[in-house]
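A short worksheet on the structure shown next.
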Amino acid sequence: VRTVVVTGVGAVTPLGVGAPTLHERWSAGASGVAGGEAPCADFDPTAHLSRKEAKRSDRFTQLAVVAAGEAVTHAGWDDLPYDPDRVGCIIGTGIGGMATFEDQCNVLATAGPGKVSPLAVPLLMGNAGAAAVSMRHGLFGPSFGVVSACAAGAHAIGAATRAIQCGDADAMVTGGSEAALTPLARAAFASLDATSTTGISRPFDARRDGFVMGEGAAVLVLEEEQAARARGARILGTVRGYAATSDAHHLTAPRADGSGAARAITAALGDAGVAAGDVDYVNAHGTSTPLNDRSETLAVKTALGERALTVPMSSLKSAIGHTLGAAGAIEAVATVLALRDRVAPPTLGWEQAEEGLDLDYVPGSARPLDVPDGRPALAISNSFGFGGHNAVLVLEAA
Amino acid sequence: MATDTAQIEQTVIDALVEIAPDHDELTREMSLEEIDVDSLDLAEFGQIVEEKLGVVLKGSDFSESITTVGDVVDLVVARAA
C-alpha cells in the first residue's frame with residue numbers, strides 16, 4: 001500500500017488565522033470561546049479573497065479556501081508539482097452554506113420567488129468548498145464534498161488518504177469547513193438540547209452541559225510518500241491509518257457503551273499496523289456533551305485496554321468549541337503539529353471528575369509527550385457525528 | 001429621451017459594477033471576460049435589471065455576440081425602448 005504523508009497544513013479557527021496560531025495558542029491554553037460561542041472573530045474574508053470571490057462564496061467556503069491556500073503554500077506548491085489530473089480535493093462539512101440558505105429563505109418569504117438569487121444554490125451546496133478549492137488551484141482530479149455531521153472532516157481526510165493509497169491520485173487537498181453560527185442553526189441545536197446553556201465548553205468535566213458552537217476550517221495537503229520525497233517536500237507527518245464505522249443505532253445519540261466508536265479505533269489501529277501500546281496521544285472528539293464524553297471514554301477503554309488508563313487524551317473543543325464538520329480536520333491539523341512538537345495540549349476547563357470518566361484528560365496545561373525509543377510520536381484522532389458516523393485517523397510525526 | 005437613455009446606461013453600468021465588484025470603473029470597450037463576468041453573473045445581472053428597469057432578460061439573450069460592456073448596455077437600452 002502506498003504511504004500517505006502530510007506536507008502542508010492550514011487552518012482558520014476561533015483561535016485565529018493560521019495553523020501555527022491554532023497549535024501555539026491551544027498549547028498555551030488560550031480559548032476562542034466568547035459569549036457562549038466560538039466565532040472566527042479575526043477572519044476578514046476580503047483580506048484574503050477578491051471582492052468577487054467573497055461575493056461568490058458562503059462563509060464556509062471562504063474559510064475552506066483560505067485554509068487551503070495556507071496549506072498549499074505551506075507544502076511549497078507555488079506551482080502545482082504534479083500533473084493536475086492526479087491531484088484532487090475533498091472537503092467535508094456538516095451543513096454547508098447555512099447562512100446563504102437562511103438569507104435566501106428570508107428573501108423567498110419577504111420578496112417572493114422571483115427575487116431568490118441565482119447564486120443561492122451554488123453558494124449553499126455542501127460541495128461548494130471543494131469546488132472553490134479545486135477551481136482556485138487548478139486541481140483536475142477527483143473532488144467532492146463529504147457530509148457526515150461532526151465526523152465530516154475526518155471522513156474527508158480518510159477518503160483522500162484512500163484515493164492516494166489506491167492510486168486514484170498522487171496528492172490531495174483535504175479537510176473540513178463549517179460556518180453555522182446562524183439563527184436557525186443556533187435555535188435548532190438548542191432545541192435538541194445539544195448546546196451548552198452555560199456557554200462553557202469543558203469536555204469530560206462532571207459539570208459539562210453540551211457543546212459550544214464554533215466555526216472554522218482546516219485543510220491538509222497529502223501526498224504519496226515517494227513522490228513527495230522525490231520533489232524534496234518537507235514532510236510533517238504520516239497518515240498511518242484510518243477506519244470508519246457506524247453505530248446504526250440513533251439519529252443523534254451515540255451507543256452508550258461506545259462500541260461503534262471502539263470498533264473504529266480498533267480498525268484504524270489495525271489499518272495502521274500498530275498496537276494500542278504504540279499510541280502516545282489521543283485527540284478526543286470530546287464535545288462537552290454528557291453523552292459523547294461518557295461513551296467516548298468507554299470506547300477508548302475498550303479499544304486501548306490498559307493503555308487507555310495512561311495515555312494523554314485531550315479535546316481541542318475545550319478551546320474552540322465544536323466546529324461540527326470542520327472539527328475532524330482542525331483536530332487532525334492540531335494533532336500533526338502536536339506530534340511534531342511532542343506536546344499534549346490541554347483540555348481547558350477540566351476540573352471535576354465524574355465517576356467512570358477517569359482517563360488522563362490533560363487538565364490545566366500542555367505537557368510534553370512521553371515517546372519511548374526515540375521513534376516518531378503516534379496519535380489517534382477521534383471524530384463521531386450525528387447519525388452514528390465514527391471516523392478515526394492514526395497520525396504519526398515525520 | 002436622451003436623458004432616459006443616459007439613465008438606463010448608468011443603471012446598467014451600476015448593475016455590472018455590482019456583479020464585477022473588483023472593477024470600479026467600467027468602459028464600453030471592456031470585454032466581459034476581462035472583468036470576469038460569467039453566466040452566473042449575467043443571471044444575477046438580469047435580476048437587477050428586471051427590478052430596476054422592468055426589463056426581462058433570459059440567458060439566451062446573452063448570445064455569443066454579446067461580449068463587451070457596451071454590448072450589454074446596448075442590449076438593455078434596446079429592450080427598454
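Every chain is numbered from 1 and lettered A, B, ... according to where its sequence line falls, protein lines coming before strand lines. Note that the coordinates shown come from a computational prediction; the quantities given were computed from them, not determined experimentally.
In this structure, the portions of A/Lys52 lying under 4.5 Å from any heavy atom of chain B include both its backbone and its side chain. When heavy atoms are compared at a cutoff of 4.5 Å, A/Val116 approaches chain B solely by way of its backbone atoms N, CA, C and O. Only the side chain of B/Gln47 comes within contact range of chain A, with at least one heavy atom under 4.5 Å from a heavy atom of that chain.
Rounded to the nearest 0.5 Å, atoms CG (A/Leu119) and CG (A/Asp103) are 12.0 Å apart. Taken from CG in B/Asp22 to OG in A/Ser50, the straight-line distance is 4.0 Å, to the nearest 0.5 Å.
Within a 6.0 Å sphere centred on CZ of A/Phe43, other residues, nucleotides and ligands contribute more than 12 heavy atoms.
Residues B/Leu32 and B/Val72 have side chains in contact (heavy-atom distance under 4.5 Å, counting atoms from C-beta outward).
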